[in-house]
Number of protein chains: 2
Amino acid sequence: MDSYSLERPTEFVRRYWPPDPNLPKHEQLRRALTQSIMEGFWKVGARLPTEADLVATTPCGLATVQRALRELVADGIIERRRGSGSVVADLNGPIEEPWHMRFLDPTKGNTAYLPLFTEVLDRHILEEQGPWTNAIESGTNPVVRIDRIFTVNNDCRIYSIFYAIASRFPELIELPVAALGGKNLKTFIARRYHVPVHKVKQKLRYVIPPAEVVEHGDCPAGFPATLFNVIAYGLNGEPMYYQDFYIPPTDYELDLGITTK
Amino acid sequence: MDSYSLERPTEFVRRYWPPDPNLPKHEQLRRALTQSIMEGFWKVGARLPTEADLVATTPCGLATVQRALRELVADGIIERRRGSGSVVADLNGPIEEPWHMRFLDPTKGNTAYLPLFTEVLDRHILEEQGPWTNAIESGTNPVVRIDRIFTVNNDCRIYSIFYAIASRFPELIELPVAALGGKNLKTFIARRYHVPVHKVKQKLRYVIPPAEVVEHGDCPAGFPATLFNVIAYGLNGEPMYYQDFYIPPTDYELDLGITTK
DNA sequence: TAGTGGTCTAGACCACATA
DNA sequence: ATGTGGTCTAGACCACTAC
């Protein structure tokens, strides 16, 4: 092991160690690696230092390094293969696929999802507070609201309203609206800020849809519509965005994912 | 450490070891303990053998025993406290609370759930197949179907249809229907068979409700109703039951839980 | 063949709970 | 004071991958 190959691991330790000296070492290493991946120090798909490198550059023994790496695998943040090393989990893979609004394709035995197209209708900055305030901990900070239409299989239009803290994702307000068209905002955020969505809290309620929802979506006016609400959280459990979906009656089946105790 | 205190751990090893000689030891120990807990060999709340006892009675070293126990904690199957030992996680605690149909109480800031009452309408054995067949892997085996009404906060009635393999939960067919009234079937199953529900797969679709749903529930006739479907899985990931809920329009907000990648 | 992760052990020290 | 789980290390051997 020559010193050249230890340059990058050494730089990693210089920047990220110690994250918190009061924690156990395996937890410190786990957090340091999570933080560095979130900040893009290790890019998606990049090879991480080997166990031996981490033993050499951190104050951790082999078993401690292995425990930290094993926990990162359980978190879905990295992938490891015997003989070939550890890499940052690929956000361009399954994570890039839509997470919300996954409608099952009946012509494929409900094993695939229907195609989804998005169109941006509006974007503006909100100073006022609302149900999203507590959810994304925005307090009195300005919030960016993005209204979109999701079209499922070319025949069902879902109105979506996305809320996030404006200062946290500046590109969402700096870019022209046209540049957001057709994009998966979750993926967009994951790529630009290296903060993949890791878990979502889901709720369901019924409301009379507001005028813009009736106008652009497929919800009938005057009747209660299904309002599907999502709060998305990042790797560290910090809230990232709040999103409402107004789902009209449809024959398609919506996959809500797997929930664990 | 006298031999008397090793009686129970020794009996555990005699009955459950090895679960599968081809697996790593930490995985074997994890499975053996999971299996023994599921079968009631260790009762809910009971103290498990200490790390030292397991080192003495199994072919595992201390670190291996610790790794297996740590994984069981992550699974939510046991709880450990320094100085006082490892115990089987209490199914009478949070797990006993309703999992499905958790409507938020608006008078308590949406931090508590509304009370839920159940009433059994019907129970019969099905020989035919249906959408539940693949979900619970019943094949051509008879399935027990239990129709119930869930009443939320005394003013919203939800029709529920529960499906499970009849031979797997014989008490569900042997007991008189009256004995199932008011019971939480998930808890009932967990207690009798030591198989707590561990994760659920959730789907949403819209259907015209069948006659019995319109008659006993609050869904209007002739209009599409929200059909919320749940497939519940046990500790080992094996499917346990399939359940449909016909949810009428309501002002209450339904908590769908947290979904992770 | 060399490098990498996966498993496992023996042993040490520490923090916390119970008595 | 004793027993318990929590952390950590050094070192060994094995399985798989890539060259």
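In what follows, chains carry the letters A, B, and so on, assigned in the order in which the sequence lines appear, proteins first and then strands, with residues in each chain numbered from 1.
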Visitor: Is B:Glu51 salt-bridged to B:Arg80, cutoff N-O under 4.0 Å?
Guide: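 So B:Glu51 pairs with B:Arg80 through a salt bridge.
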Visitor: Determine whether A:Ile37 and A:Ile78 make a side-chain contact, defined as any pair of heavy atoms from C-beta on separated by less than 4.5 Å.
Guide: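 Contact flag for A:Ile37/A:Ile78 side chains = yes.
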Visitor: When the distance from CD of A:Glu51 to C1' of D:dC14 is rounded to whole Å, what number comes out?
Guide: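 Spelled out: CD on A:Glu51 to C1' on D:dC14 is 13 Å.
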Visitor: Thinking salt bridges, do A:Glu137 and A:Arg168 make one under a 4.0 Å N-O criterion?
Guide: no
Visitor: Which of these nucleotides, C:dA10, D:dA12, C:dC8, is closest to any side-chain atom of B:Ala63?
Guide: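 For B:Ala63, the side-chain atoms sit closest to C:dA10.
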Visitor: For the pair made of CD in B:Gln66 and P in C:dA15, what is the distance, rounded to whole Å?
Guide: 16 Å
Visitor: Looking at B:Glu253 and B:Arg102, does any basic side-chain N land under 4.0 Å from a carboxylate oxygen?
Guide: no
Visitor: Between the protein and nucleotides 15-19 of chain D, which nitrogen or oxygen pairs are less than 3.5 angstrom apart?
Guide:
{"from": "D:dA15", "atom 1": "O4'", "to": "A:Arg82", "atom 2": "NH1", "distance (Å)": "2.7"}
{"from": "D:dA15", "atom 1": "O3'", "to": "A:Arg82", "atom 2": "NH1", "distance (Å)": "3.4"}
{"from": "D:dT17", "atom 1": "O4'", "to": "A:Arg82", "atom 2": "O", "distance (Å)": "3.3"}
{"from": "D:dA18", "atom 1": "OP1", "to": "A:Arg81", "atom 2": "NH2", "distance (Å)": "3.3"}

Visitor: According to the interplanar angle, ranging from 0 to 90°, do the rings of B:Phe228 and B:Phe245 count as parallel (below 30°), tilted (30 to 60°) or perpendicular (above 60°)?
Guide: tilted
Visitor: From CZ of A:Arg47 over to C1' of C:dG5, roughly how many Å is that when rounded to an integer?
Guide: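 Interatomic distance, CZ of A:Arg47 to C1' of C:dG5: 10 Å.
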Visitor: Once you round it to whole Å, what is the distance between C1' of C:dG5 and CZ of A:Arg80?
Guide: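 So the CZ-C1' distance, A:Arg80 to C:dG5, works out to 6 Å.
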Visitor: Can we say B:Glu11 and B:Arg8 salt-bridge, meaning some charged N sits less than 4.0 Å from an Asp/Glu carboxylate O?
Guide: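 Salt bridge between B:Glu11 and B:Arg8, a charged N being under 4.0 Å from a carboxylate O: no.
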Visitor: Using only atom types and a distance under 3.5 Å, with no angle test, would you say the side chain of A:Lys199 pairs donor to acceptor with the backbone of B:Ile258?
Guide: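 Pair absent, no side-chain N/O of A:Lys199 close to backbone of B:Ile258.
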Visitor: Applying the ring pair (Phe, Tyr, Trp, His ring centres under 6.0 Å) test to A:Trp132, which of A:Tyr163, A:Phe162, A:Tyr241 qualifies?
Guide: A:Tyr163
Visitor: Check this one for me: any side-chain N or O of B:Ser86 less than 4.0 Å away from OP1 or OP2 of D:dG5?
Guide: yes
Visitor: Can you measure A:Leu69 atom CG to C:dG5 atom P for me and round it to whole angstrom units?
Guide: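 About 8 Å, once rounded to whole Å.
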Visitor: Scan residues 19-30 of chain A against DNA chain D and write down, sorted by residue number, each residue with any heavy atom closer than 4.0 Å; if none is found, say none.
Guide: A:Pro24, A:Lys25, A:His26
Visitor: Please give, in whole Å, the distance from C:dG5 P to A:Glu79 CD?
Guide: 14 Å
Visitor: When you check the gap from the basic side-chain N to the acidic O, do A:Asp75 and A:Arg30 get nearer than 4.0 Å?
Guide: yes
Visitor: What is the distance, rounded to the nearest whole Å, between atom CG of A:Leu62 and atom C1' of D:dT7?
Guide: 15 Å
Visitor: Report yes if a side-chain nitrogen or oxygen of A:Arg67 is closer than 4.0 Å to either non-bridging phosphate oxygen (OP1 or OP2) of D:dC8; otherwise report no.
Guide: no
Visitor: What is the distance from CG of B:Leu54 to C1' of D:dG5, rounded to the nearest Å?
Guide: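 It is 12 Å, rounded to the nearest whole Å.
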